[in-house]
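All remarks here apply to the structure that follows.
Side-chain atoms are counted along with the backbone in the values below, which use heavy atoms only and exclude waters and symmetry mates.
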Amino acid sequence: MSRAASSGGDSPPSTYVWYASFGSNILLERFECYLRGGRIGGMVRDMPGSRDPTPPVASSLWMDVPYRLFFAHSSPTWAGGGVAFVDVTSLSPTLPTAFRLYRITLEQFNDVLAQENGMEPGAAGCRELTGDDAARLVRHWRTEASSLAATGPDEVMHAGTTGTTGPPAESRAPSELWYGYVKCVGVKDGEPVLTFTCDADELRGFRSGDIPTNPPCEAYVDVIAAGLVQCGLGETEARGYLEARVEASMTSDAGAAAV
């Protein structure tokens with residue numbers, strides 16, 4: 001296993017964020033490959049790992065974030081089945097998405113983003129978020145929540161507590177890559193909660209049905225289910241959650257309402 005050397009950069013390791021995973025990274029062992037390098041079963045190649053291989057310092061589970069989870073593209077890793085994406089540009093209150101949150105450094109988040117898009121940590125093609133970016137995103141959520149008189153326990157803010165999608169997502173990797181669209185989906189304990197998905201044009205295409213979705217293979221569903229069980233859900237609950245969203249994914253609008 002290799003690990004990229006630290007770049008120094010302008011995002012100090014002491015800047016912490018929460019990475020919000022909604023697909024196979026819900027399983028801790030799989031996610032940690034993006035930090036320490038290597039692979040586990042079901043992965044076709046080794047990950048280079050983060051410049052800082054330290055494990056997440058904490059994790060949490062949000063079950064009720066009203067974004068649409070769907071499955072699309074064709075992954076050779078998963079027998080040609082679709083992989084998970086989330087529509088961060090519209091609200092879907094009837095079928096909210098479960099996010100497993102990992103508290104990691106901002107540098108580590110940038111390194112995971114690069115690897116999920118087939119790039120090496122620190123690659124020039126991936127515009128990294130800075131500490132200033134993270135602070136700006138938190139300020140946006142706080143301002144929005146204040147204007148709406150929205151509150152949440154332990155300073156938890158997301159689309160479910162404010163009824164809005166929060167600050168706009170930003171393209172951070174080339175648009176032809178699958179996971180280059182970074183979104184701050186909320187705030188937890190004063191720190192931004194960040195995820196990534198496909199870009200705005202693709203999201204519009206999937207929402208309208210102009211771009212087809214693709215159901216996931218059984219092995220991919222098994223990994224996500226194992227991660228949800230790891231978070232405390234029962235096996236039946238985890239399977240029911242996924243079955244409902246796979247079925248909804250095959251319907252273009254899936255109850256999503258544009259905002």
- Report yes or no: does Ser74 contribute a side-chain atom to a donor-acceptor pair with the main-chain N or O of Gly80 at less than 3.5 Å? yes
- Item | Polar side-chain atom of Tyr102 near backbone of Asn25 as donor-acceptor pair, under 3.5 Å | yes
- Item | Smallest separation among heavy atoms of Ala169 and Val88, with atom names | CB-CG2, 4.3 Å
- Item | Side chain to side chain, Pro215 and Ser249, heavy atoms closer than 4.5 Å | no
- For Phe206, does its backbone N or O pair with a side-chain atom of Asp210 as donor and acceptor, under 3.5 Å? no
- Query: Hey, what do you get for CD (Glu237) to CE (Met63), rounding to the nearest 0.5 Å?
  - Reply: 5.5 Å
- Query: Can you check whether His158 reaches Val193 side chain to side chain, under 4.5 Å on heavy atoms?
  - Reply: no
- Query: Heavy atoms, side chains only, cut-off 4.5 Å: are Tyr19 and Phe31 in contact?
  - Reply: yes
- Message: Quiz question: by atom type and distance under 3.5 Å, do the side chains of Thr89 and Arg207 form a donor-acceptor pair?
- Response: yes
- Item | Ser92 vs Pro66 side-chain heavy atoms within contact, under 4.5 Å | no
- Message: Under a 3.5 Å cutoff, is there a donor and acceptor pairing between the side chains of Gln115 and Glu120?
- Response: no
- Task: Give a yes or no answer on whether the side chain of Asn110 reaches the backbone of Gly122 with a donor-acceptor pair at less than 3.5 Å.
- Result: no
- Decide whether Glu107 and Ser50 meet the rule of one side-chain donor and one side-chain acceptor closer than 3.5 Å. no
- Task: Kindly say whether Ala72 contributes a backbone atom to a donor-acceptor pair with the side chain of Thr213 at under 3.5 angstrom?
- Result: no
- Message: If I compare all heavy atoms of Pro55 with all of Glu32, which pair ends up nearest, and what's the gap?
- Response: CB-OE2, 3.5 Å
- Query: Does the side chain of Arg30 pick up a donor-acceptor pair with the side chain of Ser24 at under 3.5 Å?
  - Reply: yes
- Query: Excluding sequence neighbours, so at least two apart, what forms side-chain hydrogen bond (donor to acceptor under 3.5 Å, both in side chains) with Arg239?
  - Reply: Asp222, Glu235
- Note on the structure: Sorted by chain and residue number, the side-chain contact (heavy atoms from CB on, under 4.5 Å) partners of Ala244 (sequence neighbours excluded) come out as Leu95
- Item | Single-linkage hydrophobic cluster, 4.5 Å side-chain cutoff, Leu177 and Val182 together | no
- Ser21 side chain vs Gly23 backbone, donor-acceptor pair below 3.5 Å: no
- Task: Determine whether Asp111 and Tyr34 make a side-chain contact, defined as any pair of heavy atoms from C-beta on separated by less than 4.5 Å.
- Result: no
- Note on the structure: In Ile26, Val86, Leu69, the residue satisfying side-chain contact (heavy atoms from CB on, under 4.5 Å) with Phe99 is Val86
- Item | Thr143 side chain to Arg139 backbone, donor-acceptor under 3.5 Å | yes
- Message: Can you tell whether the side chains of Arg172 and Asp133 come within less than 4.0 Å, N to carboxylate O?
- Response: yes
- Report the residues that fulfil salt bridge (charged side-chain N to carboxylate O under 4.0 Å, His left out) with Asp64, sequence neighbours left out, ordered by chain and then residue number. none
- Within-4.5 Å side-chain heavy-atom neighbours: Glu170 and Leu129: no
- Message: Taking ring pair (Phe, Tyr, Trp, His ring centres under 6.0 Å) as the cut-off, I'd like each qualifying pair that reaches into residues 114-146, sequence neighbours left out, listed once.
- Response: none
- Those residues at least two apart in sequence (or on a different chain) that pass side-chain contact (heavy atoms from CB on, under 4.5 Å) with Thr54 are Asp52, Gln108
- Message: Using modelled atom types and a 3.5 Å cut-off, is there a donor and acceptor pairing between side-chain atoms of Lys188 and backbone atoms of Arg103?
- Response: no
- Query: Which heavy atom in Ser75 sits nearest to a heavy atom in Val83, and how many Å separate them?
  - Reply: CB-CG1, 3.7 Å
- Task: Looking only at non-hydrogen atoms, find the nearest pair between Thr105 and Val17 and report the distance.
- Result: O-CG2, 4.2 Å
- Taking Arg100 for its side chain and Phe22 for its backbone only, find out whether a donor-acceptor pair lies under 3.5 Å. no
- Please examine the side chains of Leu194 and Leu106, heavy atoms only from C-beta on, and report whether any two atoms are closer than 4.5 Å. yes
- Message: For Arg142, give me all partners under side-chain contact (heavy atoms from CB on, under 4.5 Å), at least two apart in sequence or on another chain.
- Response: Val138, Glu155, Met157
- Task: If a pair satisfies ring pair (Phe, Tyr, Trp, His ring centres under 6.0 Å) and one of its residues is in residues 105-128, list it, with sequence neighbours excluded.
- Result: Phe109-Phe196
- By ring-ring contact (aromatic ring centres under 6.0 Å, His included), which residues pair with Phe71, not counting sequence neighbours? none
- Residue pairs passing the ring pair (Phe, Tyr, Trp, His ring centres under 6.0 Å) test with at least one member in residues 162-185, sequence neighbours excluded, are His73-Trp178, Phe85-Tyr179
- Do any N or O atoms from the side chain of Asn117 and from the backbone of Met119 form a donor-acceptor pair under 3.5 angstrom? no
- Between atom CZ of Phe70 and atom OG1 of Thr197, what is the distance when rounded to the nearest 0.5 Å? 5.5 Å
- Note on the structure: With sequence neighbours left out, the residues meeting salt bridge (charged side-chain N to carboxylate O under 4.0 Å, His left out) with Glu243 are none
- Task: Using the test salt bridge (charged side-chain N to carboxylate O under 4.0 Å, His left out), find all partners of Glu116 that sit at least two apart in sequence or belong to another chain.
- Result: none
- Shared hydrophobic cluster for Val156 and Tyr67 (ILVMFWY, side-chain gaps under 4.5 Å): yes
- pair Glu29-Gln230: side-chain heavy atoms closer than 4.5 Å: yes
- Sequence-distant partners of Tyr220, side-chain hydrogen bond (donor to acceptor under 3.5 Å, both in side chains), two or more places apart: none
